[in-house]
Amino acid sequence: MSDAEKPRRERRAPAGAAVLQKDVTLAIQAAVFTELAKHGYGRLSIEAVARRAGVGKTAIYRRWSSKLQMVVEVVSAAAVKVMPVPDTGTLSGDIRELLDAGAQAMRHPLASQIVPDLLAEAARNPDIAETLESTLRETQQGISAVMIANAVERGDLPPDTDVELALDMVFGPLYWRVAVTRSPVSEDYLDDLAEGATAALIGAHAPEERSAG
């Protein structure tokens, strides 16, 4: 071997541990959702996810340090993908678009099983509750914050609008209908809910404005 060949070999891209292959990550994510839907969080294991994904456990531990971190990050990443920040030009239009995305996500067969199960686990396990609260709600609040900021800039809402309250007004009824009562969600229902949530957000500040006048 010549000296000229040695540097080339030394510069060769690292294998295995240093490279996280995208197709492996996607396979693991799909396996996490399937295992959660079939067995729930309590009976889910790293071993089962690895078997279903066709990878070794080390491939999972290179990406996440624990079962909880794996589940929360995978679920959160999926939530971000299906919940785009709406920008229709009106508050009611933004809320309606957000509700439509939320309804589609929650009506998915996997989500309809996974979300209630994770919430039930959170009620029993403070660590799960804290992690879900900080991660999932932070994601939703980020979307809601942009929507409210756009509405404030347009003059639809005052600057002191409570982002967390807005989030509850928009998604609370939808979650109750889809995950708790499991009632059908029609386009008319989403239209009415968007109209009601818009009126509630605007009306929450109306008394102050009237008294100020």
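What you see below is based on every heavy atom in this structure, not just the backbone, and it leaves out hydrogens, waters and symmetry mates.
In plain terms, the two heavy atoms of Ala27 and Ala53 that are nearest each other are O-CB, 3.7 Å. Ala129 and Ala122 make their closest contact through CB-O, 3.3 Å (heavy atoms, listed as atom of the first residue, atom of the second, distance). In terms of heavy atoms, Ser92 sits closest to Ala194 at O-CB, 4.3 Å.
Counting only heavy atoms from C-beta outward, the side chains of Ile28 and Val74 never approach each other to under 4.5 Å. Side-chain contact between Asp156 and Val152 is absent, with no heavy-atom pair separated by less than 4.5 Å. Side-chain contact between Pro86 and Met147 is present, with heavy atoms from C-beta onward closer than 4.5 Å. Contact annotation: the side chain of Leu190 never approaches that of Glu195 to less than 4.5 Å [non-hydrogen atoms, C-beta and beyond]. Residues Trp64 and Val71 fail the side-chain proximity criterion, which asks for heavy atoms closer than 4.5 Å.
Taking CG from Asp191 and CG from Leu99, the interatomic distance works out to 9.5 Å, rounded to the nearest 0.5 Å. Note that the CZ atom of Arg154 and the CG atom of Asn150 stand 6.0 Å from one another [nearest 0.5 Å]. Annotation: the span from Leu165 atom CG to Ile148 atom CD1 amounts to 9.0 Å, rounded to 0.5 Å. In this structure, the separation between CG on Leu91 and CD1 on Ile202 is 5.5 Å, given to the nearest 0.5 Å. Considering CD of Glu164 and CE of Met169, their distance stands at 12.0 Å, rounded to 0.5 Å. Rounding to the nearest 0.5 angstrom, the gap separating the CD1 atom in Ile60 from the CD1 atom in Ile46 is 5.0 Å.
Although no hydrogens or angles enter the test, the distance criterion places no donor-acceptor pair under 3.5 Å between the side chain of Thr161 and the main chain of Leu157. The backbone N or O of Asp94 sits less than 3.5 Å from a side-chain atom of Thr88, completing a donor-acceptor pair. A donor-acceptor pair under 3.5 Å is formed between the side chain of Gln69 and the backbone N or O of Ser65. In this structure a side-chain-to-backbone donor-acceptor pair under 3.5 Å is missing from Arg182 to Arg177.
One finds no salt bridge joining Asp117 and Arg43 here, because no Lys/Arg side-chain nitrogen approaches an Asp/Glu carboxylate oxygen to under 4.0 Å. Using a 4.0 Å cut-off between charged side-chain N and carboxylate O, Glu187 and Arg96 make a salt bridge. Between Glu121 and Arg124 a salt bridge is recorded (basic side-chain N to carboxylate O distance below 4.0 Å).
Just one residue in the list Arg52, Lys57, Lys67 forms a salt bridge (Lys or Arg N to Asp or Glu O under 4.0 Å) with Glu47, and that residue is Lys57.
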Using the rule given for side-chain contact (heavy atoms from CB on, under 4.5 Å), can you reason through Met70 versus Val49, listing the C-alpha separation, both sets of side-chain angles and the distance that settles it, and then say yes or no? CA-CA 10 Å; Met70 175 184 70; Val49 171; 4.1 Å; yes
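Under 3.5 Å, the side chains of Arg63 and Thr25 contain a donor-acceptor pair of N or O atoms.
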